[in-house]
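First listed ligand is number 1; within each ligand, the first listed atom is number 1.
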Amino acid sequence: MNDISAKIEALRRKLGGKCCIMGHHYQCDAIVAHCDFTGDSLELSRRVPHIEAPHIVFCGVYFMGESAALLARDGQSVHLPEPDADCLMSAMIPQRLARSVLEQLARTGRKIIPLAYANTSLAVKALTGEYGGAVCTSANAETMLDWSLRQGEAVIFMPDKNLGNNVANRLGIPESERHVLRIDGRGLLEPEQQPLHKKLLFWPGACSIHSRFRPEFVEDARAAHPGCSVIVHPECRQEVVALCEAAGSTSFLIREAARVAASAPGSALVIGTEENLVYRLAARHRGQCDIFPLSRAICPEMAKVTEERLLETLQEVADGKAPALTVDERLFEPARLSLVRMLDVCGK
Ligand code: 13P
Ligand code: SF4
């Protein structure tokens with residue numbers, strides 16, 4: 001154990017039940033080693049209401065900390081070791097622009113329900129709550145899209161068009177019923193020229209890490225590891241997902257790796273997602289099955305959380321000086337509502 005790790009562990013012992021460290025699966029091993037809980041976005045959100053500790057230190061990107069703050073108990077505070085770590089995709093949907101687009105869509109006279117991926121700011125979640133919509137994660141996007149479609153005449157899925165297309169494929173919604181909105185800095189571009197009558201409208205966003213994977217990467221992986229299975233996160237392009245054995249959330253990929261390791265010893269599994277997770281799974285199942293990344297893929301925002309920053313944050317918590325993530329009072333209720341709708345539909 002290095003010096004910083006040892007200091008973090010000493011502080012964890014000192015803080016005891018006063019502090020809970022949570023981390024997303026894309027965090028590096030050095031951070032995961034200090035976490036009380038790791039999970040995907042859905043698991044982490046579900047866990048928050050059950051945490052007793054007055055301080056939650058959240059190792060992940062900003063929107064995840066915001067979701068934790070929305071679901072935290074009264075008197076509980078959420079601290080981010082690196083508040084600058086911000087999901088690149090959530091930055092593709094500024095709240096003001098989202099409001100303009102929802103207002104333009106409302107003017108069509110149709111009841112169009114917003115479904116916001118968890119990878120959005122709290123302000124966009126508040127807007128979603130205000131317009132009768134809900135949040136989803138990659139683990140429950142099918143259930144939530146199905147729910148949203150039953151609440152109105154159409155759905156605007158924000159901001160990941162790749163996840164949107166993959167979920168629509170799973171639900172059997174034809175391509176002819178989908179449209180990727182054309183948007184500029186002010187709102188919908190030439191709305192009268194766009195097919196806004198379609199059932200499923202997509203915000204034109206994507207994860208720049210997962211959308212880098214191309215169909216030829218899957219072909220190359222199959223050539224390099226004959227007989228392998230390839231599984232990917234549903235933020236990948238639909239053309240990539242179409243070539244794979246399966247696609248699913250981070251927790252799905254973890255379960256699938258364990259299943260393959262137990263049921264097909266000696267086989268090869270290629271995983272397309274953030275590489276911290278892939279290399280961790282490769283180490284976990286070494287000797288049972290061979291796990292390879294589809295390609296190098298580091299989320300630079302997740303990587304901003306370092307042991308040094310975690311140590312500083314824990315020290316600040318111990319000294320009573322840790323800045324807590326604050327939520328604008330006006331946004332709190334509608335944003336919470338959009339998250340609670342998801343937890344209510346999908347089970348807490
Ligand atoms: P999960 O919902 O699978 O945790 O994914 C979050 C994410 O940011 C993937 O890039
Ligand atoms: Fe956001 Fe993509 Fe990073 Fe996930 S991997 S946190 S979607 S930028």
Notebook entry, point to check: Which heavy atom of the protein is the closest neighbour of atom 1 (Fe) of ligand 2, given with residue, atom name and distance?
Noted result: Cys87 SG, 2.4 Å
Notebook entry, point to check: Can Leu337 be reached from Tyr131 by stepping across I, L, V, M, F, W or Y side chains whose heavy atoms are under 4.5 Å apart?
Noted result: no
Margin query: Hydrogens and angles aside, do His34 and Glu307 bring a side-chain donor and acceptor to less than 3.5 Å of each other?
Written below: yes
Next item on the list: Name the closest protein heavy atom to atom 3 (Fe) of ligand 2, giving the residue it belongs to and the distance to 0.1 Å.
Entry: Cys299 SG, 2.4 Å
Item checked: Nearest non-hydrogen protein atom, atom 3 (O) of ligand 1 -> Thr250 OG1, 2.5 Å
Next item on the list: Flag His233 as yes when one of its N or O atoms lies below 3.5 Å from any N or O atom of ligand 1, and as no otherwise.
Entry: yes
Check: How about His179 and Gln194: does a side-chain donor come under 3.5 Å of a side-chain acceptor?
Finding: yes
Notebook entry, point to check: For ligand 1, is Tyr26 a contact, meaning one of its heavy atoms is under 4.0 Å away?
Noted result: yes
Note to self: Check Glu312 with Arg309, please: is the shortest side-chain N to carboxylate O separation under 4.0 Å?
What the structure shows: yes
Notebook entry, point to check: Counting each atom of ligand 1 from 1 as listed, which ones have a heavy atom of Ser138 under 4.0 Å away?
Noted result: 1 (P), 2 (O), 3 (O)
Next item on the list: Could you verify whether a donor N or O on one side chain and an acceptor N or O on the other, from Asp40 and Ser251, lie under 3.5 Å apart?
Entry: yes
Check: Does Glu301 come within less than 4.0 angstrom of ligand 2, counting non-hydrogen atoms of the residue?
Finding: no
Check: Does the side chain of Tyr117 come under 3.5 Å of the side chain of Ser90 through a donor N or O and an acceptor N or O?
Finding: no
Check: With a 4.0 Å heavy-atom cut-off (strictly under), which part of Glu274 contacts ligand 2: side chain, backbone, both or neither?
Finding: neither
Notebook entry, point to check: With atoms numbered from 1 as shown, which atoms in ligand 2 lie under 4.0 angstrom from a non-hydrogen atom of Met89?
Noted result: 7 (S)
Check: Which protein heavy atom lies closest to atom 4 (O) of ligand 1, and at what distance to 0.1 Å?
Finding: His24 NE2, 2.7 Å
Item checked: Structural part of His25 in contact with ligand 1, heavy atom criterion under 4.0 angstrom -> neither
Notebook entry, point to check: Is there a nitrogen or oxygen of Glu235 sitting under 3.5 Å from a nitrogen or oxygen of ligand 1?
Noted result: yes
Next item on the list: Test salt bridge (Lys or Arg N to Asp or Glu O under 4.0 Å) on Glu142 and Arg170 and set out the steps.
Entry: CA-CA 7 Å; Glu142 271 168 69; Arg170 295 281 286 262; 3.3 Å; yes
Margin query: Just checking: Cys207, one of its N/O/S atoms, less than 2.8 Å away from atom 3 (Fe) of ligand 2, yes or no?
Written below: no
Check: Going by the order shown, which atoms of ligand 1 are within less than 4.0 Å of some heavy atom of His210?
Finding: 10 (O)
Check: Starting from atom 6 (C) of ligand 1, which protein heavy atom do you reach first, and at what distance in Å?
Finding: Ser41 OG, 3.4 Å
Check: Of all the non-hydrogen atoms in the protein, which one sits nearest to atom 7 (S) of ligand 2, and at what distance?
Finding: Asn119 ND2, 3.2 Å
Checklist line | Which residue and heavy atom of the protein sit nearest atom 8 (S) of ligand 2, plus the separation | finding: Leu88 N, 3.5 Å
Note to self: Tell me whether Glu130 is salt-bridged to Arg99, with the criterion being a basic N under 4.0 Å from an acidic carboxylate O.
What the structure shows: yes
Checklist line | Sidechain N-carboxylate O distance under 4.0 Å for Glu9, Arg12 | finding: yes
Next item on the list: Among all protein heavy atoms, pick out the one at the shortest distance from atom 8 (O) of ligand 1; state its residue, atom name and that distance to 0.1 Å.
Entry: Asn119 ND2, 3.1 Å
